[in-house]
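Below: one structure, written as structure tokens.
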Amino acid sequence: MERALKMYEHDPEVKLVILKNSSCCPFSFVLIVTYSILSPNCFIKGTGKAFCAGGDVVRMVHLVTAGHWSFSAAYYKRQLVLDYLLATYNKPLVFAMPEASIGHFPDVGASYFLSRLPGYYGEYLGLTGARIDGAEMVACGLATHFVLSKDLQSIENNLLAVPSSDTATIYEHIKKYINQARLNHGNYRKRLEIVNECFSKKTVEEILLSLENEVSRGADEWVAKAISSMKSASPTSLKIFLRSVIVITNASFISKN
């Protein structure tokens, strides 16, 4: 994948790159590249499971335990190089995730974009692994557009024919398929209020205490689920993630310069 992305980045005939994952959660990743002389763009698709953190961790732990630490180090080096490439890509990247939902992903640069969600919503998602639907992803800023699954093939075909890297031009092609996802604004605002109250605390212990206070006042079920998720997670991982979000909140984004 890294090799293909570098090639397309320097190919003057390629105007944009589409990355698509056909399932929700990964481990194996098979790369399919669509590149036609009739199209100025390319389409990279993950088949099976791809673009996800979690499954790889299990395998790496087994390898390290068996004494193969160097393989794990090399693996994560390649992964982080790929993440850096995506973050600093010089051409428009379009990510398509059918029926997308967000799980637990406090790594691979997530601390940067989670820290920039409304209020303390990023801390909530990263610490609890809460899953949100497409409507909520758009509302909180994790996604820019919501497109129905039935329209994905049409939008892909349309984007493959875009003759420019200009983001405004690309948007004009995408907006033909934008669907107004149904968001329960009342529930979302109520959840965000509680999230901001609880997850604004500076330690994991204080966050948990604040959530437990909400439960004692009759808070919705999602609060109890958040507590359960945090208590079943690695305490060290939670503390590292929270610290990373706090530190990076005012940081500048990386560049190739």
Side-chain angles (χ1 to χ4, degrees), residues 24-27 51-66 68-84 86-87 101-132 136-137 140-142 190-217 219-254:
C24 288
C25 199
F27 184 35
F51 297 127
C52 173
D56 52 347
V57 174
V58 175
R59 186 184 177 201
M60 294 306 113
V61 168
H62 289 164
L63 287 169
V64 171
T65 303
H68 305 300
W69 66 267
S70 59
F71 179 87
S72 298
Y75 174 87
Y76 279 111
K77 178 181 179 181
R78 290 187 62 187
Q79 177 180 322
L80 293 172
V81 167
L82 176 59
D83 297 332
Y84 179 81
L86 291 172
S101 61
I102 293 297
H104 194 222
F105 55 93
D107 61 350
V108 194
S111 55
Y112 179 84
F113 60 79
L114 287 177
S115 70
R116 278 144 178 81
L117 297 189
Y120 293 86
Y121 214 68
E123 285 86 339
Y124 160 63
L125 292 177
L127 288 171
T128 67
R131 301 177 70 85
I132 60 176
E136 204 163 351
M137 286 180 69
C140 74
L142 275 175
K190 183 178 179 181
R191 179 183 295 200
L192 190 55
E193 288 176 4
I194 296 176
V195 163
N196 288 341
E197 171 62 28
C198 298
F199 288 85
S200 59
K201 306 299 186 288
K202 300 305 180 184
T203 69
V204 171
E205 292 80 5
E206 289 176 315
I207 290 173
L208 279 170
L209 179 60
S210 185
L211 288 169
E212 288 167 347
N213 289 337
E214 291 292 335
V215 170
S216 67
R217 290 194 288 266
D220 292 339
E221 184 182 359
W222 69 266
V223 180
K225 288 183 178 179
I227 294 171
S228 176
S229 176
M230 289 181 67
K231 287 187 174 181
S232 65
S234 162
T236 301
S237 294
L238 295 179
K239 291 175 184 291
I240 291 174
F241 170 71
L242 182 59
R243 176 61 179 167
S244 69
V245 171
I246 293 173
V247 169
I248 205 171
T249 295
N250 298 313
S252 300
F253 195 58
I254 53 178

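Positions are given from 1 along the sequence. The analysis underlying the following values was restricted to heavy atoms, covering all of them including side chains, and did not include hydrogens, waters or symmetry mates. Small disclaimer: the values here were computed from a predicted structure and weren't measured.
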* To do: Would you list the pairs meeting salt bridge (charged side-chain N to carboxylate O under 4.0 Å, His left out) in which at least one residue belongs to residues 224-233, sequence neighbours left out?
  => Glu212-Lys231, Glu221-Lys225

* To do: Please step through side chain to side chain contact (heavy atoms under 4.5 Å, CB included) for the pair Leu238 and Ile207, ending with a clear verdict.
  => CA-CA 11 Å; Leu238 295 179; Ile207 290 173; over 6 Å; no

* Does the side chain to side chain contact (heavy atoms under 4.5 Å, CB included) test come out yes or no for Tyr121 and Arg191, once each step is laid out? -> CA-CA 9 Å; Tyr121 214 68; Arg191 179 183 295 200; 3.7 Å; yes

* Rounded to the nearest 0.5 Å, how far apart are NZ of Lys239 and OG1 of Thr203? -> 6.5 Å

* State plainly whether the residues Arg131 and Glu136 are in salt-bridge range, i.e. N to O under 4.0 Å. => no

* **Cationic N near anionic O, under 4.0 Å, Glu214 to Arg217** => yes

* Donor-acceptor pair, side chain of Ser244 and main chain of Phe241, under 3.5 angstrom -> yes

* Taking the side chain from Thr128 and the backbone from Ala226, do they hold a donor-acceptor pair closer than 3.5 Å? -> no

* To do: Going by the side chain to side chain contact (heavy atoms under 4.5 Å, CB included) test, name the single residue among Leu125, Leu242, Leu211 that passes it with Phe199.
  => Leu211

* Rounded to the nearest 0.5 Å, how far does CG of Leu127 lie from CE of Met230? -> 5.0 Å

* Asked: How long is the gap from OH on Tyr124 to OG on Ser229, to the nearest 0.5 Å?
  -> 9.0 Å

* Less than 4.5 Å apart, any side-chain heavy atom of Lys201 and any of Leu209? -> no

* Enter the distance from Glu123:CD to Ser115:OG here, rounded to the nearest 0.5 Å. => 7.5 Å

* Begin with the C-alpha distance, continue with both residues' side-chain angles, and end with the deciding distance and a verdict on side chain to side chain contact (heavy atoms under 4.5 Å, CB included) for Ile194 and Asp220. => CA-CA 10 Å; Ile194 296 176; Asp220 292 339; 5.9 Å; no

